[in-house]
J.: 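If you scroll down you'll find the structure; I have some questions about it.
Keep in mind that this is a model prediction, so the values were computed, not measured. What's counted below: heavy atoms across the whole structure, side chains too, no hydrogens, waters or symmetry copies.
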Amino acid sequence: MKLRSILLLLTLIAACVDSTNGEDWPGWRGPRGDGISLETSAPLSWSATENIGWRTRLPGNGLSSPIVLGSRVFVTAGDSSDETRRVICLDAATGEILWNVSVHQGPGGTMHRFNSTASSTPVSDGKLVFATFVDDRGLYVVALDFDGTIVWAKNPGTFYSNHGFAACPVIYGEGVIINGQQDGEAFVCMLRRTDGHELWRHIPTTNLRSFSTPLLTTVEGEDQLILTAGPARTRR
């Protein structure tokens with residue numbers, strides 16, 4: 001099995017391209033964080049020629065999913081030719097690339113052969129797009145506006161894992177939550193959406209990789225954050 005590359009084709013189903021009727025899909029698990037869409041008009045079958053609205057060839061490669069906000073589609077990519085990480089914006093109706101912005105540059109580091117340097121799906125609050133990447137030194141979070149301007153970029157910590165990185169950022173309240181659990185100095189933190197200022201940081205008792213995207217839910221009236229992690233240990 002070869003790494004699936006977004007150099008191949010990004011394809012949207014014709015019925016989902018109509019941004020006036022389609023429900024936004026702002027992050028990895030959709031608008032409600034449960035992976036469910038309220039769309040009722042999507043086709044039940046398609047092929048290389050049936051129910052395809054458009055196809056656009058993209059630069060670089062990656063495993064992140066596209067997100068959709070109104071008339072725009074956002075996806076990330078890693079370009080091995082110059083070691084850049086990129087956020088790409090397309091017109092949802094036509095597939096035209098509106099902008100392609102390099103947001104970070106650095107060696108990809110070690111990773112699983114099925115992983116990529118752009119495996120984390122971005123997330124948006126409707127004003128900014130937040131994307132996460134790693135290199136051989138650390139984890140990086142970047143926020144861009146819908147015109148492709150970098151509003152802020154932060155390095156919340158180092159990152160090390162032989163398997164690479166994949167956890168997606170999640171929006172909660174005024175911040176964006178980042179899962180930095182790893183084989184190095186593990187952490188989970190929340191950065192303020194407007195400027196990247198760190199609002200809180202959790203240090204797990206175990207330094208062990210986790211590819212889990214945080215899940216937000218409510219239990220007995222209290223907001224809860226759930227993610228997978230290594231076994232808890234007592235710190236000495």
J.: Please say yes or no: joined through hydrophobic side-chain contacts below 4.5 Å, possibly via intermediate residues, are Ile171 and Val129 part of one cluster?
T.: no
J.: Side chain to side chain contact (heavy atoms under 4.5 Å, CB included) between Leu38 and Arg32: does it pass, once the steps are laid out?
T.: CA-CA 10 Å; Leu38 300 181; Arg32 287 161 294 279; 3.3 Å; yes
J.: Please tell me whether Trp28 and Ile36 are part of a single hydrophobic cluster in this structure, the criterion being side-chain heavy atoms less than 4.5 Å apart.
T.: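 No.
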J.: So Val141 and Pro156, do their side chains get closer than 4.5 Å, heavy atoms only?
T.: yes
J.: Provide the closest heavy-atom pair for Gly27 versus Val123 in the form atom of the first, atom of the second, distance.
T.: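 So the two residues come closest at CA-CG2, 4.0 Å.
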J.: Could you measure the distance from the CH2 atom of Trp152 to the CG atom of Leu144? Nearest 0.5 Å is fine.
T.: 10.0 Å
J.: So if you build clusters from Ile, Leu, Val, Met, Phe, Trp, Tyr with side-chain heavy-atom gaps below 4.5 Å, do Leu58 and Val73 land together?
T.: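 Yes.
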J.: What's the separation between atom CZ in Phe133 and atom OG1 in Thr84, rounded to the nearest 0.5 Å?
T.: 9.5 Å
J.: Does atom CD of Glu185 have more than 12 heavy-atom neighbours from other groups under 6.0 Å away?
T.: no
J.: Less than 4.5 Å apart, side chain to side chain, heavy atoms only: is that true for Val142 and His104?
T.: no
J.: Does any part of the side chain of Pro214, heavy atoms only, come nearer than 4.5 Å to the side chain of Val188, both counted from C-beta?
T.: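 Answer no - side chains too far apart.
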J.: Give, for atom CG of Leu139 and atom SG of Cys189, the distance between the pair rounded to the nearest 0.5 Å.
T.: 8.0 Å
J.: Look up atom CD1 in Ile178 and atom CZ in Arg201, then write down how far apart they are to the nearest 0.5 Å.
T.: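 Rounded to the nearest 0.5 Å, the CD1-CZ separation comes to 10.5 Å.
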J.: Side-chain heavy atoms nearer than 4.5 Å, only ILVMFWY residues, links allowed to pass through others: does that put Phe74 and Ile150 together?
T.: yes
J.: Is the Phe159 ring parallel, tilted or perpendicular to the Phe165 ring (thresholds 30°, 60°)?
T.: perpendicular
J.: Output yes when a side-chain donor or acceptor of Arg86 lies under 3.5 Å from a complementary backbone atom of Val75, and no otherwise.
T.: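 No; zero donor-acceptor contacts below 3.5 Å.
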J.: Carefully, step by step, assess Thr149 and Asp147 under the rule side chain to side chain donor-acceptor pair (under 3.5 Å).
T.: CA-CA 6 Å; Thr149 301; Asp147 293 322; 5.8 Å; no
J.: Quick one: does Val170's side chain get under 4.5 Å of Thr213's, heavy atoms only?
T.: yes
J.: Consider only side-chain heavy atoms of I, L, V, M, F, W and Y, link residues closer than 4.5 Å, and tell whether Phe130 and Val151 are in one cluster.
T.: yes
J.: Show the nearest heavy-atom pair for residues Ala118 and Gly78, with the distance to one decimal.
T.: CB-N, 3.6 Å
J.: Where do Trp200 and Leu225 come nearest, in terms of heavy atoms and distance?
T.: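 Scanning both residues, the minimum pair turns out to be CH2-CD1, 4.4 Å.
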J.: Could you walk me through whether Tyr172 and Asp223 satisfy the side chain to side chain contact (heavy atoms under 4.5 Å, CB included) test, starting with their C-alpha distance in whole Å, then the side-chain angles of each, then the deciding distance to 0.1 Å, before giving a yes or no?
T.: CA-CA 10 Å; Tyr172 174 74; Asp223 293 342; 2.7 Å; yes
J.: Looking at every non-hydrogen atom in both residues, tell me the closest pair between Gln224 and Val219 and how far apart they are.
T.: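 Residues Gln224 and Val219, closest heavy atoms: CG-CG2, 3.7 Å.
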J.: Looking at Trp25, I want to see if its CH2 is surrounded by more than 12 non-hydrogen atoms of other residues, nucleotides or ligands under 6.0 Å.
T.: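 Enclosed: over 12 neighbouring heavy atoms sit under 6.0 Å from CH2 of Trp25.
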J.: Answer yes or no: are there more than 12 heavy-atom neighbours, outside Glu222 itself, under 6.0 Å from its atom CD?
T.: no
J.: For a 4.5 angstrom cut-off between non-hydrogen side-chain atoms, does Arg85 reach Thr117?
T.: yes
J.: Calculate, to the nearest 0.5 Å, the distance between atoms CG and CD1 belonging to Leu98 and Ile88 respectively.
T.: 11.5 Å
J.: Can a donor-acceptor pair be found, under 3.5 Å and without considering hydrogens, that links the side chain of Asp24 to the backbone of Pro31?
T.: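 Judged by distance alone, no pair lies under 3.5 Å.
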J.: Does a side-chain heavy-atom distance below 4.5 Å link Pro26 with Ile67?
T.: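 Contact flag for Pro26/Ile67 side chains = no.
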J.: First locate atom CG of Leu128, then atom CG of Leu69, and finally report the distance between them rounded to the nearest 0.5 Å.
T.: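 CG of Leu69 is found 10.5 Å from CG of Leu128.
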J.: Given 3.5 Å as the limit, does a donor-acceptor pair link the side chain of Trp99 with the main chain of Phe146, or not?
T.: yes
J.: Tell me the closest heavy-atom pair linking Ser120 and Pro169, and the distance in Å.
T.: OG-CD, 3.4 Å
J.: May I have the step-by-step check of side chain to side chain contact (heavy atoms under 4.5 Å, CB included) for Ser119 and Ser64, ending in yes or no?
T.: CA-CA 4 Å; Ser119 296; Ser64 66; 6.0 Å; no
J.: Apply the test side chain to side chain contact (heavy atoms under 4.5 Å, CB included) to residues Leu191 and Lys154: give CA-CA distance (whole Å), side-chain angles for both, the deciding distance (0.1 Å), then the verdict.
T.: CA-CA 9 Å; Leu191 308 179; Lys154 298 292 181 179; 4.3 Å; yes
J.: Looking at Ser47 and Ile52, what are the two nearest heavy atoms and their distance?
T.: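 Looking at all heavy atoms of both residues, the closest pair is O-CG1, 3.2 Å.
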J.: Please confirm whether the backbone N or O of Cys168 pairs with a side-chain atom of Thr121, one donor and one acceptor, at under 3.5 Å?
T.: no
